[in-house]
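Only one structure is covered here, and it is reproduced in the block below.
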Amino acid sequence: MAKEKEVKFEEKMQELENIINELENGEVDLDSSIEKYTKAMKLVSECDEKLKNIEDQVNQIVKEDGSLEPFTNEATED
């Protein structure tokens, strides 16, 4: 069984932008509009999930022993 190629975040965003442009153009029939809207919502969900995963990774600090811990800003106030 062939592995499905993972589409990059940027490619998903470009596809989403293309769909939005097509829908805003207003020249898409109703059935196609519904299909495109459904595809757009799926892309939004996938991109949102990817961004949340990246945010979680960024909000972690690698300690000297290689373990991760949540990042906290301990800036002092003057």
Under 3.5 Å, side-chain donor or acceptor atoms of residues 13-23 against the rest of the protein: list the pairs with distances, not counting sequence neighbours.
{"residue": "Gln14", "atom": "NE2", "partner": "Asn18", "partner atom": "OD1", "Å": "3.0"}
{"residue": "Asn18", "atom": "ND2", "partner": "Gln14", "partner atom": "O", "Å": "3.4"}
{"residue": "Asn21", "atom": "ND2", "partner": "Glu17", "partner atom": "O", "Å": "3.3"}
{"residue": "Glu22", "atom": "OE1", "partner": "Lys36", "partner atom": "NZ", "Å": "2.5"}

I'd like to know whether OH of Tyr37 has more than 12 heavy-atom contacts from other residues, nucleotides or ligands below 6.0 angstrom.
no

Considering only distance and modelled atom types, tabulate donor-acceptor pairs under 3.5 Å from the side chains of residues 48-58, sequence neighbours left out.
{"residue": "Asp48", "atom": "OD2", "partner": "Lys52", "partner atom": "NZ", "Å": "3.2"}
{"residue": "Asn53", "atom": "ND2", "partner": "Glu49", "partner atom": "O", "Å": "3.4"}

With sequence neighbours left out, write down each residue that passes side-chain contact (heavy atoms from CB on, under 4.5 Å) with Glu35, or none if nothing qualifies.
none

Would you list the atom pairs, donor with acceptor, under 3.5 Å between side chains in residues 25-34 and any protein atom, with sequence neighbours excluded?
{"residue": "Asp29", "atom": "OD1", "partner": "Asp31", "partner atom": "N", "Å": "3.2"}
{"residue": "Asp29", "atom": "OD1", "partner": "Ser32", "partner atom": "N", "Å": "2.8"}
{"residue": "Asp29", "atom": "OD1", "partner": "Ser32", "partner atom": "OG", "Å": "3.2"}
{"residue": "Asp29", "atom": "OD2", "partner": "Ser32", "partner atom": "OG", "Å": "3.4"}
{"residue": "Ser33", "atom": "OG", "partner": "Val28", "partner atom": "O", "Å": "3.4"}
{"residue": "Ser33", "atom": "OG", "partner": "Asp29", "partner atom": "O", "Å": "3.0"}

